[in-house]
Amino acid sequence: MNSELDPTLELTSTIVNAALDRKGDNIVVIKVSEVSYLADYFIIITGYSHVQVRAISQAIAQKVEQERQIYPLGVEGQNESSWILMDYGDVIVHILKPEERDFYNLEAFWGHAERIDISSLLNQN
């Protein structure tokens, strides 16, 4: 997958790498552009505490701003920090604690969409 030709995939790569820097776990990237008008990609990340969920979202915001000069259109859930949603337009990031991730099961809801192998997105920045 050549993200150099796709700025949205480059943004996705930056987000995935920032999440990994803060030990985000079980990262799933779903290409939803063929099945939804909401975004091109959803990124789902597990954080194991309120502090880690918040740290992952802060690391993503900082790295995306520094490397891509892009700011989120909106961020929801920062006060509760059990599910933070970051809307970058073409990329929507969900950072959830395990209980919320299991309960809402976003992967199953978007199961008909293509999953992207995140190994193709690692450290391309």
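The basis for the numbers below is simple: all heavy atoms, side chains too, and nothing from hydrogens, waters or symmetry mates. Just so it is clear, the structure is predicted and the values come from calculations on it, not from any experiment.
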Novice: Minimum heavy-atom separation for Tyr88 and Ile70, please, with both atom names.
Specialist: CD2-CG2, 3.8 Å

Novice: With rounding to the nearest 0.5 angstrom, report the CG to CD distance, Asp40 to Glu34.
Specialist: 9.0 Å

Novice: Rounded to the nearest 0.5 Å, how far apart are CD1 of Ile44 and CZ of Phe109?
Specialist: 11.0 Å

Novice: State which residues pass side chain to side chain donor-acceptor pair (under 3.5 Å) with Trp110; sequence neighbours excluded, sorted by chain then number.
Specialist: none

Novice: Less than 4.5 Å apart, any side-chain heavy atom of Ile27 and any of Leu20?
Specialist: yes

Novice: Mind checking salt bridge (charged side-chain N to carboxylate O under 4.0 Å, His left out) for Glu65 and listing every partner two or more places apart, or none if nothing turns up?
Specialist: none

Novice: What heavy-atom pair brings Gln52 and Ser49 nearest, and what distance separates the two atoms?
Specialist: N-OG, 3.0 Å

Novice: Report whether Phe103 and Phe42 are members of the same hydrophobic cluster (ILVMFWY, side-chain heavy atoms less than 4.5 Å apart, transitive linking).
Specialist: yes

Novice: So, using salt bridge (charged side-chain N to carboxylate O under 4.0 Å, His left out) as the criterion, who are the partners of Arg101 when residues are at least two apart?
Specialist: Glu107

Novice: Among Glu100, His94, Glu76, which residue satisfies the side chain to side chain donor-acceptor pair (under 3.5 Å) criterion with Trp83?
Specialist: His94

Novice: What residues, two or more places apart in sequence or in another chain, satisfy side chain to side chain donor-acceptor pair (under 3.5 Å) together with Asn105?
Specialist: none

Novice: Do Ile95 and Leu85 belong together in a cluster built from hydrophobic side chains that touch within less than 4.5 Å?
Specialist: no

Novice: Is there a side-chain contact between Thr8 and Leu11 in this structure, where contact means two heavy atoms from C-beta onward sitting under 4.5 Å apart?
Specialist: no

Novice: Do Ser33 and Tyr41 touch side chain to side chain, with heavy atoms closer than 4.5 Å?
Specialist: no

Novice: Check Gly47 against Ile56 and note the closest heavy-atom contact, atom names and distance.
Specialist: CA-CD1, 4.1 Å

Novice: Check whether Ser13 reaches the backbone of Leu9 with its side chain - one donor and one acceptor, N or O, closer than 3.5 Å.
Specialist: no

Novice: Run the salt bridge (charged side-chain N to carboxylate O under 4.0 Å, His left out) test against Asp87 and tell me which residues pass, sequence neighbours left out.
Specialist: none

Novice: Check whether any side-chain heavy atom of Gln62 sits under 4.5 Å from a side-chain heavy atom of Gln66, and report yes or no.
Specialist: yes

Novice: Check side chain to side chain donor-acceptor pair (under 3.5 Å) between Tyr104 and all other residues, then give those that pass, not counting sequence neighbours.
Specialist: none

Novice: Can you name the closest pair of heavy atoms from Ile84 and Ser57 and give their distance?
Specialist: CD1-OG, 3.6 Å

Novice: Look only at the side chain of Asn17 and the backbone of Leu121, and say whether a donor-acceptor pair between them is shorter than 3.5 Å.
Specialist: yes

Novice: Distance-only, no hydrogens or angles: does the Ser81 side chain make a donor-acceptor pair with backbone N or O of Gln78 under 3.5 Å?
Specialist: yes

Novice: Mind listing the closest non-hydrogen atom pair of Gly89 and Ala39 along with its distance?
Specialist: O-CB, 3.7 Å

Novice: Of all the heavy-atom pairs spanning Ile60 and Ala18, show the shortest one and how long it is.
Specialist: CA-CB, 3.7 Å

